[in-house]
S.K.: 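Can you read through this structure? Questions will come right after.
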Amino acid sequence: MMSRLMAVAVFCLMALTACVEKDNSVFPSNPEPQTAEKDFVERWVPVVDPKGEAQGTVMLRFYDDMPSVAYINVSLFQAMMYPGTTIQTQALGESRFLLTSPCGTAVVDTDKDTFDSDDYEAFTNMMGMVQPGMPNVGLDGLPLVRWKSMEATPQNVHLTLDYGKYGIDLRTDDSNVYFPLATIADLYTDIYMHIADYNGQQVMVAPKGAEELDNGYPASFIAPILKETRTKDMATFAYNNLCFTLTNLFGYPGRTLLEKKGLKEKGLDQALKDYGQAGTMTRELLLSTNMYDYIAGTNTLACLLNDGGHTDTNINHISKMDSSTDFYKTMGSTVKAKLEEFYGYCPEYAAVKKVDDDYDTIHSKLIEARIAKIGRGVTYYKEGNTAYCLFNVFDCDFAAWRKFYKGEGPKPTVENHPNDWLAVLLDGLEQAAKDPEVKNFVLDLSTNGGGSEDIVMVITSLMCNKAEAYNENSLLGQKQKIYYEVDRNLDGKFDEKDAEVKYNLRFALLVSPCSFSCGNMLPALMKDFGIPLIGQRTGGGSCAVLYNPSADGFGYRYSTHRSRLMNQKGENVDPGVEPDLKLESPEEFFDFQKISQFIEKFYNSK
């Protein structure tokens with residue numbers, strides 16, 4: 001899960017207007033079928049990772065009617081994304097093809113431009129690169145956590161994706177199937193963030209997923225795209241592809257302005273048309289061939305899809321740019337002016353922005369109250385029979401933990417990795433367990449903006465002897481219960497000895513509106529597991545988040561359909577989780593006498 005602290009960034013850049021062609025029929029009602037006689041050219045292009053290191057080459061195809069839009073043979077795409085694998089293509093007659101990947105099958109009709117599958121998640125599964133044999137669910141690769149099993153209800157769901165409805169043309173040469181690269185990349189991008197993107201010169205892939213994209217798309221990859229204009233075929237296709245993706249693959253957490261206006265039922269294009277001037281303006285900007293206006297449109301769309309920090313279509317937040325260039329300065333002034341105009345059309349956005357502003361205020365006050373009570377930089381504190389442990393982000397030094405598990409480095413500790421929050425947690429538990437006075441252990445998530453679900457599983461395993469997550473795939477309508485295993489004794493083995501690691505402590509969590517994403521997921525799980533929550537309602541954030549390619553080579557971020565978090569009752573946890581003991585002021589969060597008395601009462605009543 002993406003950290004809110006990384007995700008929330010209020011983009012306040014700047015202005016210039018340009019004419020936008022009005023197009024009220026972006027999606028043709030009956031897209032013309034393409035034939036094998038369609039003219040095209042093919043080019044070999046380099047494939048690189050986010051560091052720019054060579055990963056080979058791949059053949060892309062460019063058709064005469066859409067010369068700016070890269071297409072790719074689905075078999076080549078599979079081999080590029082998951083080295084050593086391919087897709088077998090079998091003609092079923094007419095325009096229909098059976099595609100068989102290593103894990104699943106699909107049928108593509110290149111006349112109707114449809115994709116059908118009874119096992120879509122399996123068909124697009126690349127998680128075998130993270131843990132052999134696992135399904136297409138979340139795992140970030142922390143070596144002390146591994147996937148164990150999954151229950152899905154219903155077990156199988158038939159999925160039909162109608163690309164033709166969005167003006168997206170799937171093509172064939174009678175023996176192979178070709179998708180637009182951006183379209184198939186959207187279909188495959190997973191929670192680990194295996195991605196592919198094309199900037200007009202090279203394809204970028206991320207074999208190590210989010211770990212390689214922590215700092216966003218590299219400026220070197222974005223630089224070739226930064227031109228004042230873009231072609232009409234690219235502008236139209238990029239919009240069509242965005243509409244398909246955000247209509248079908250969005251996670252629908254429930255709080256965005258466009259969701260409230262019928263995004264799921266109408267689709268993105270119609271929802272924008274029906275939204276009034278704010279939606280019409282956004283749609284026109286997104287369709288513009290003027291690059292500055294287009295980028296401004298991704299900013300106004302981000303306002304309409306603001307879900308607290310996970311979704312951010314503003315391509316400048318993920319796509320790094322050189323701020324010293326004239327392009328960046330002109331873009332900034334254009335965005336600033338367009339946003340000011342948008343705010344005038346969308347007064348309801350003020351309430352959305354107030355939530356973000358309140359978040360910042362609460363966050364600052366909680367930090368001030370914490371420093372006043374226990375000092376700056378303190379992560380473990382004891383008062384009476386209660387131990388307090390600050391846990392500010394679900395993150396750790398993944399590389400250091402991998403080295404430790406491979407026998408290539410020491411175990412990360414607070415001494416050798418002071419910024420490793422997993423090490424902070426383990427150190428706090430060890431101190432509390434060794435101290436005969438300590439009975440209560442309070443984990444402070446009050447300023448925790450999220451991070452890795454792997455670490456959520458570590459915590460629930462250590463504190464509750466459970467490592468399971470409850471998700472819903474919003475595209476399939478499938479509910480999932482996913483079980484993980486945790487190497488609790490850190491010996492490199494998943495075995496019965498892990499059960500010997502136990503803490504005879506009474507646990508509680510401190511939570512607030514700043515507890516977002518995994519900072520919301522852990523309280524939802526712990527409350528179901530019988531652990532009390534103290535503080536204020538959590539800040540929500542229920543969907544796993546993806547970095548996603550745009551059709552023209554930029555990147556953006558959105559809440560994905562692949563995993564919308566639930567509690568044990570099957571309820572979406574985006575509204576947040578209510579505490580068992582409500583605290584009114586930031587100072588009360590550190591009134592350990594009051595907290596200790598509540599914990600004792602809570603556990604004695606069980």
S.K.: Specify whether Phe554 and Tyr294 have parallel, tilted or perpendicular ring planes, treating 30° as the upper limit for parallel and 60° as the lower limit for perpendicular.
M.R.: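 Aromatic pair Phe554/Tyr294 classed tilted.
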S.K.: So, do Val47 and Val205 sit near enough that their side-chain heavy atoms are less than 4.5 Å apart?
M.R.: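 Val47 reaches Val205 side chain to side chain.
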S.K.: For residues Tyr556 and Pro549, report the shortest heavy-atom separation together with the two atoms involved.
M.R.: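 The pair with the smallest heavy-atom distance is CE2-O, 3.6 Å.
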S.K.: Between Asn299 (side chain) and Asn314 (backbone), is there a donor-acceptor pair under 3.5 Å?
M.R.: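 Flag not set: sc Asn299 to bb Asn314 has no pair under 3.5 Å.
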S.K.: Keeping Asn471 on the side-chain end and Gln480 on the backbone end, is there a donor-acceptor pair under 3.5 Å?
M.R.: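 Here the side-chain-to-backbone pair does not exist.
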S.K.: Going by heavy atoms in the side chains, are Thr256 and Thr311 under 4.5 Å from each other?
M.R.: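 Not touching, per the 4.5 Å side-chain cut-off.
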S.K.: Which residue is it: Asp307, Leu249, Thr189, Val545? I am looking for the one with a side chain to side chain contact (heavy atoms under 4.5 Å, CB included) to Tyr558.
M.R.: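 For Tyr558, the side chain to side chain contact (heavy atoms under 4.5 Å, CB included) test succeeds with only one of Asp307, Leu249, Thr189, Val545, which is Leu249.
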S.K.: Atom CE of Met127 and atom CD of Glu121: how far apart are they, to the nearest 0.5 Å?
M.R.: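 Interatomic distance, Met127 CE to Glu121 CD, rounded to 0.5 Å: 11.0 Å.
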S.K.: Can you tell me if Lys320 has over 12 outside heavy atoms packed within less than 6.0 Å of its NZ?
M.R.: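 Count over threshold, so yes.
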S.K.: Report the distance from atom CZ of Arg283 to atom CG of Leu301, rounding to the nearest 0.5 Å.
M.R.: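 Going from CZ on Arg283 over to CG on Leu301, the span is 12.5 Å.
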S.K.: How close do Phe221 and Asp197 get, counting heavy atoms only, and between which atoms?
M.R.: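 Shortest heavy-atom separation between Phe221 and Asp197 comes out as CZ-O, 3.6 Å.
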S.K.: Could you verify whether a donor N or O on one side chain and an acceptor N or O on the other, from Thr85 and Gln78, lie under 3.5 Å apart?
M.R.: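 Checked: Thr85/Gln78 side chains pair up, N/O donor to acceptor below 3.5 Å.
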S.K.: Can you find a pair of side-chain heavy atoms, one from Phe237 and one from Pro180, that are under 4.5 Å apart?
M.R.: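 Of all side-chain heavy-atom pairs linking Pro180 with Phe237, at least one is under 4.5 Å.
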S.K.: For residues Asn392 and Thr447, is any side-chain donor paired with an opposing acceptor at under 3.5 Å?
M.R.: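 Distance-only check passes for Asn392 and Thr447.
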S.K.: For the residue pair Thr229 and Asn290, establish whether any side-chain heavy-atom pair is separated by less than 4.5 Å.
M.R.: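 Not touching, per the 4.5 Å side-chain cut-off.
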S.K.: When you measure from the side chain of Arg230 to the backbone N and O of Ser288, does any donor-acceptor pair fall under 3.5 Å?
M.R.: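 Confirmed, Arg230 side chain pairs with Ser288 backbone.
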S.K.: Between Thr313 (side chain only) and Thr298 (backbone N and O only), is there a donor and an acceptor less than 3.5 Å apart?
M.R.: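 A pair under 3.5 Å: yes.
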S.K.: Could you check whether any side-chain heavy atom of Met281 comes within less than 4.5 Å of a side-chain heavy atom of Lys338, counting everything from C-beta outward?
M.R.: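 A side-chain contact under 4.5 Å exists here.
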S.K.: Looking only at the side chains, is there a donor atom on one of Asn241 and Thr183 sitting less than 3.5 Å from an acceptor on the other?
M.R.: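 Judged by distance alone, the side chains do pair up.
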S.K.: Restricting to non-hydrogen atoms, name the atom on Ser517 and the atom on His310 that form the minimum distance, rounded to 0.1 Å.
M.R.: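 It is OG-NE2, 2.8 Å.
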S.K.: Would you call the rings of Tyr349 and Tyr343 parallel, tilted or perpendicular, where under 30° means parallel and over 60° means perpendicular?
M.R.: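 The rings of Tyr349 and Tyr343 lie parallel, inter-plane angle below 30°.
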S.K.: If we only count heavy atoms from C-beta on, is the Asp269 to Tyr166 side-chain gap below 4.5 Å?
M.R.: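 No, their side chains stay 4.5 Å or more apart.
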S.K.: With side chains defined as the heavy atoms from C-beta onward, is the minimum distance between Leu161 and Tyr163 less than 4.5 Å?
M.R.: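 A side-chain contact exists here, since the closest heavy-atom pair is under 4.5 Å.
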S.K.: Report the C-alpha distance between Thr110 and Thr172 in whole Å, list the side-chain angles of each, state the deciding distance to 0.1 Å, and finish with yes or no for side chain to side chain donor-acceptor pair (under 3.5 Å).
M.R.: CA-CA 7 Å; Thr110 57; Thr172 180; 4.9 Å; no
S.K.: Look only at the side chain of Thr330 and the backbone of Phe327, and say whether a donor-acceptor pair between them is shorter than 3.5 Å.
M.R.: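 A pair under 3.5 Å: no.
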S.K.: Are the charged groups of Asp65 and Arg171 less than 4.0 angstrom apart, N to O?
M.R.: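 So Asp65 pairs with Arg171 through a salt bridge.
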S.K.: Classify the side-chain pair Asn306/Asp356 by whether it contains a donor and acceptor separated by less than 3.5 Å.
M.R.: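 Yes.
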S.K.: Under 3.5 Å, is there a donor on one side chain and an acceptor on the other for Thr538 and Ser515?
M.R.: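 Short answer, no.
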S.K.: Ignoring hydrogens, what is the shortest heavy-atom contact between Met321 and Met331? Give both atom names and the distance.
M.R.: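 Between these two residues, the closest heavy atoms are SD-SD, 3.7 Å.
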S.K.: Where the side chain of Tyr120 meets the backbone of Leu187, is there a donor-acceptor pair that is under 3.5 Å apart?
M.R.: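 Yes: the side chain of Tyr120 pairs with the backbone of Leu187.
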S.K.: Between Arg61 and Phe40, is NZ or CZ placed under 6.0 angstrom from the six-membered ring centre and within 45° of the ring axis?
M.R.: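 Because its charged atom sits under 6.0 Å from the ring centre and within 45° of the axis, Arg61 does stack over Phe40.
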S.K.: Any donor and acceptor pair, going by atom type alone, linking the side chain of Asp233 with main-chain N or O of Ser68 inside 3.5 Å?
M.R.: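 Checked: pair present.
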S.K.: Are Arg557 and Tyr547 in a cation-pi contact, defined as NZ or CZ under 6.0 Å from the six-membered ring centre and within 45° of the axis?
M.R.: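 Judged by the rule (NZ or CZ under 6.0 Å from the ring centre, within 45° of its axis), Arg557 is not positioned above Tyr547.
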S.K.: Please check if the number of heavy atoms outside Glu228 that lie under 6.0 Å from its CD is greater than 12.
M.R.: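 Result for CD/Glu228: open.
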S.K.: Quick check for you: to the nearest 0.5 Å, what is the distance between Leu159 atom CG and Ser117 atom OG?
M.R.: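 It is 7.0 Å, given to the nearest 0.5 Å.
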S.K.: Pair Ser542, Asn572 - check side chain to side chain donor-acceptor pair (under 3.5 Å), show working.
M.R.: CA-CA 7 Å; Ser542 62; Asn572 178 10; 2.9 Å; yes
S.K.: Do the side-chain N and O atoms of Thr89 and Asn176 include a donor-acceptor pair separated by under 3.5 angstrom?
M.R.: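 No.
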S.K.: Once you round to the nearest 0.5 Å, how far does CD of Glu211 lie from OG of Ser452?
M.R.: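 The OG atom of Ser452 is 11.0 Å from CD of Glu211, to the nearest 0.5 Å.
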S.K.: Apply side-chain contact (heavy atoms from CB on, under 4.5 Å) to residues Leu272 and Thr280 and explain how you reach the verdict.
M.R.: CA-CA 6 Å; Leu272 290 175; Thr280 300; over 6 Å; no
S.K.: Does the ring centre of Tyr345 sit less than 6.0 Å away from the ring centre of Tyr275?
M.R.: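 Tyr275 vs Tyr345: aromatic centres not under 6.0 Å.
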S.K.: Can you see which heavy atom on Ile318 is nearest to which on Gly555, and at what distance?
M.R.: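 Shortest heavy-atom contact: CB-O, 3.5 Å.
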S.K.: When you measure from the side chain of Asn520 to the backbone of Gly539, do you find a donor-acceptor pair of N or O atoms at a distance under 3.5 Å?
M.R.: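 Judged by distance alone, no pair lies under 3.5 Å.
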S.K.: Testing the 3.5 Å rule here: is there a donor-acceptor pair between the side chains of Asn548 and Asp186?
M.R.: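 Yes - a donor-acceptor pair under 3.5 Å links their side chains.
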S.K.: Hey, could you give me the CD1/OG distance between Ile315 and Ser550, rounded to the nearest 0.5 Å?
M.R.: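 OG of Ser550 is found 6.0 Å from CD1 of Ile315.
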S.K.: Once rounded to the nearest 0.5 Å, what's the spacing between atom CD1 of Ile87 and atom OH of Tyr82?
M.R.: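 One gets 13.0 Å once the value is rounded to the nearest 0.5 Å.
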S.K.: Is the backbone of Gly477 close enough, under 3.5 Å, to the side chain of Asn473 for a donor and an acceptor to pair up by distance?
M.R.: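 Between the backbone of Gly477 and the side chain of Asn473 there is no qualifying donor-acceptor contact (under 3.5 Å).
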S.K.: For Tyr71, run the ring-ring contact (aromatic ring centres under 6.0 Å, His included) check against Tyr198, Phe62, Tyr63 and tell me which one passes.
M.R.: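 When Tyr198, Phe62, Tyr63 are each tested with Tyr71, the ring-ring contact (aromatic ring centres under 6.0 Å, His included) holds only for Tyr63.
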S.K.: Please determine whether side-chain contact (heavy atoms from CB on, under 4.5 Å) holds for the pair Met204 and Tyr217, giving the CA-CA distance in whole Å, both sets of side-chain angles, and the decisive distance to 0.1 Å.
M.R.: CA-CA 9 Å; Met204 180 176 68; Tyr217 275 33; 3.8 Å; yes
S.K.: Is there side-chain contact between Tyr178 and Leu170, with at least one heavy-atom pair below 4.5 Å?
M.R.: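 Side chain of Tyr178 against side chain of Leu170, heavy atoms only: no contact under 4.5 Å found.
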S.K.: Looking at every heavy atom in both Ala551 and Ala182, which two are closest together, and how far apart are they?
M.R.: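 Smallest heavy-atom distance, with atoms named: CA-CB, 3.6 Å.
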S.K.: Determine, step by step, whether His363 and Asp360 satisfy the side chain to side chain donor-acceptor pair (under 3.5 Å) criterion, reporting the C-alpha distance in whole Å, the side-chain angles of both residues, the deciding distance to 0.1 Å, and the verdict.
M.R.: CA-CA 5 Å; His363 192 272; Asp360 293 337; over 6 Å; no
S.K.: Please check if any side-chain donor atom of Gln55 sits under 3.5 Å from a side-chain acceptor atom of Glu53, or the reverse.
M.R.: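 No - no donor-acceptor pair under 3.5 Å links their side chains.
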S.K.: Using modelled atom types only, decide if a donor and an acceptor are shared between the side chain of Lys266 and the backbone of Lys261 within a distance under 3.5 Å.
M.R.: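 Answer holds: yes.
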S.K.: Assess whether side-chain contact (heavy atoms from CB on, under 4.5 Å) is satisfied between Asn73 and Phe179, documenting all intermediate values.
M.R.: CA-CA 7 Å; Asn73 182 321; Phe179 271 62; over 6 Å; no
S.K.: Test Asp274 against Gln270 for side chain to side chain donor-acceptor pair (under 3.5 Å), laying out the working first.
M.R.: CA-CA 6 Å; Asp274 293 346; Gln270 192 61 49; 3.0 Å; yes
S.K.: Tell me, please, whether Tyr252 has Arg564 positioned over its six-membered ring: NZ or CZ under 6.0 Å from the ring centre and within 45 degrees of its axis?
M.R.: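 No, a cation-pi geometry is absent between Arg564 and Tyr252.
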